[in-house]
Amino acid sequence: MRSADLFARALALAALLAGVAGCSSVMGPITSMMPSTGSAPATTTTAGSAPRTAGAAAPAAAASAVVTSAPADVAVSPESQRAFDDAARALRAGQAADAERRFRSLAQAHPELPGPHANLGLIQRQAGKLPEAVVALETAVKLSPRQPVYWNQLGVTYRQAGEFAKARAAYEKALALDPGYSAAVLNLGILHDLYLNDGARALDLYGRYLLLQPSGDATVTKWVADLKNRKAAPITVSRKEKE
């Protein structure tokens, strides 16, 4: 992939994180601090085809990454739950420093709970602290390996860190847990398209993503046309990942 496109991609991703559609915060928190149990993957939600910013070439990220399942056998005190909710509210309000302090305190007090680690990873990634973000999100997936949201976020972080093989493995793990997780399908397609130079695989994944969009997605449809028509021409369209 050409360096100019990589630079444009980095700028687009920075703008994405700074202006998530439908959310006033820098990023949406992962809203459960507890791991899932049982054989079924946790419920995840992503935004559909969110409004495009001027010149944007891809769907905006989901307003928040939401984990709704929680086990009945994990004891979390009301005080700890309130502390987590306060940290999540601070993050939604764009108070990243306060949210980081609160999540870090929770992670230290309850190192067994993945949610605080996952949210610390999001905050650190936004701050450009990629090694720290990777450690936090790797901790989250170790504590709760059946959460596709955590694997997708780890994949985004690996991709930003230039760890493309690890990013692919993380996205594939998210999809093994939840084959209908459209954000991970799209992110894996972008990875194959722009970073792994596998246009055939990218086309397959973009098609799979479009099948998961009842209202369609004009931008990704254009990417499909671009890929089909691309020969030796340079890549001129950047893609934004979904979180």
Side-chain angles (χ1 to χ4, degrees), residues 1 6 9-10 12-13 16-17 20 27-28 30 35-36 40-50 57-62 64-67 114 117-119 121-122 124-126 130-131 133-213 217 219-220 223-224 227 235 238-243:
M1 183 180 174
L6 277 170
R9 172 73 171 184
L13 286 169
L16 171 66
L17 287 171
V20 175
M27 69 193 82
I30 294 175
S36 62
T43 300
T44 60
T45 64
T46 60
S49 186
S64 61
V66 180
V67 180
H117 297 286
N119 281 290
L122 300 186
Q124 290 161 342
R125 187 176 71 210
Q126 168 65 10
L130 292 177
V134 165
V135 170
L137 285 160
E138 285 180 341
T139 300
V141 299
K142 286 176 183 176
L143 291 169
S144 185
R146 295 192 59 78
Q147 288 288 9
V149 168
Y150 296 164
W151 285 106
N152 182 59
Q153 293 291 349
L154 181 57
V156 171
T157 308
Y158 280 144
R159 203 285 305 156
Q160 291 189 16
E163 298 278 0
F164 302 144
K166 289 183 177 181
R168 177 175 59 192
Y171 293 143
E172 288 174 347
K173 181 66 174 180
L175 291 173
L177 292 166
D178 184 355
Y181 189 5
S182 64
V185 175
L186 181 61
N187 290 345
L188 186 57
I190 292 169
L191 185 73
H192 279 281
D193 184 3
L194 298 186
Y195 298 95
L196 299 179
N197 298 314
D198 187 345
R201 180 62 175 144
L203 274 175
D204 178 64
L205 288 159
Y206 288 159
R208 179 175 165 187
Y209 167 79
L210 289 170
L211 288 175
L212 295 169
Q213 306 303 306
D217 190 310
T219 298
V220 177
W223 297 353
V224 170
L227 264 175
I235 298 170
S238 62
R239 282 79 160 111
K240 290 181 182 178
E241 290 152 320
K242 274 199 173 184
E243 299 181 8

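Predicted, not measured: the structure shown is a model, and the values here were computed from it. Along the sequence shown, residues carry numbers from 1.
- Partners of L212 by side-chain contact (heavy atoms from CB on, under 4.5 Å), not counting sequence neighbours, listed by chain and number: S182, V185.
- For the pair L122 and Q126, the minimum side-chain heavy-atom distance is 4.5 Å or more.
- Side-chain atoms of N152 and Y171 form no donor-acceptor pair, as typed in the model, at a separation below 3.5 Å.
- Expressed to the nearest 0.5 Å, how far NZ of K173 lies from CG of D178 amounts to 12.5 Å.
- D204 meets the side-chain contact (heavy atoms from CB on, under 4.5 Å) test with R201; sequence neighbours excluded.
- Of the possible donor and acceptor atoms, none in the side chain of D193 sits under 3.5 Å from a partner among the backbone N and O of G189.
- Checking side-chain atoms of W151 against main-chain N and O of V141 turns up no donor-acceptor pair under 3.5 Å.
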>> Evaluate L186 against L205 for side-chain contact (heavy atoms from CB on, under 4.5 Å), listing each step before the verdict.
In response: CA-CA 7 Å; L186 181 61; L205 288 159; over 6 Å; no
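- With sequence neighbours left out, A136 forms a side-chain contact (heavy atoms from CB on, under 4.5 Å) with L120, Q124.
- When only modelled atom types and interatomic distance are considered, E138 and Y158 share a side-chain donor-acceptor pair under 3.5 Å.
- Separation of atoms CG (N119) and CD (Q153) is listed at 9.0 Å; rounding is to 0.5 Å.
- When all heavy atoms of A118 and L137 are compared, the closest pair comes out as O-CD2, 3.8 Å.
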> Yes or no on side-chain contact (heavy atoms from CB on, under 4.5 Å) for R125 and V156, after CA distance, side-chain angles and deciding distance?
Replying inline: CA-CA 9 Å; R125 187 176 71 210; V156 171; 3.8 Å; yes
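- The minimum heavy-atom distance between A133 and T157, with the atom names listed, is CB-CG2, 3.8 Å.
- Scanning all heavy atoms of the two residues, the minimum distance from Y181 to P148 falls at CE2-O, 3.4 Å.
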>> Show, in sequence, the C-alpha distance, side-chain angles and deciding distance for L227 and W223, and conclude whether the side-chain contact (heavy atoms from CB on, under 4.5 Å) test is met.
In response: CA-CA 6 Å; L227 264 175; W223 297 353; 5.9 Å; no
>> Go through it in stages, so that I can follow the logic: the residues are E172 and L188, the test is side-chain contact (heavy atoms from CB on, under 4.5 Å), and I'd like the CA-CA distance, side-chain angles, deciding distance and then a yes or no.
In response: CA-CA 8 Å; E172 288 174 347; L188 186 57; 3.9 Å; yes
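- R159 places no side-chain N or O within donor-acceptor distance of the main-chain N or O of I190, the cut-off being under 3.5 Å.
- A161 meets the side-chain contact (heavy atoms from CB on, under 4.5 Å) test with L130, E163; sequence neighbours excluded.
- Nearest approach of P179 to A176, heavy atoms of both residues: CD-O, 4.5 Å.
- Within the model, atoms CZ of R168 and CG of L196 stand 5.5 Å from one another, a figure rounded to the nearest 0.5 Å.
- Here the side chain of S144 pairs no donor or acceptor atom with the backbone of A140 at under 3.5 angstrom.
- Rounded to the nearest 0.5 Å, atoms CZ (F164) and NE2 (H192) are 12.5 Å apart.
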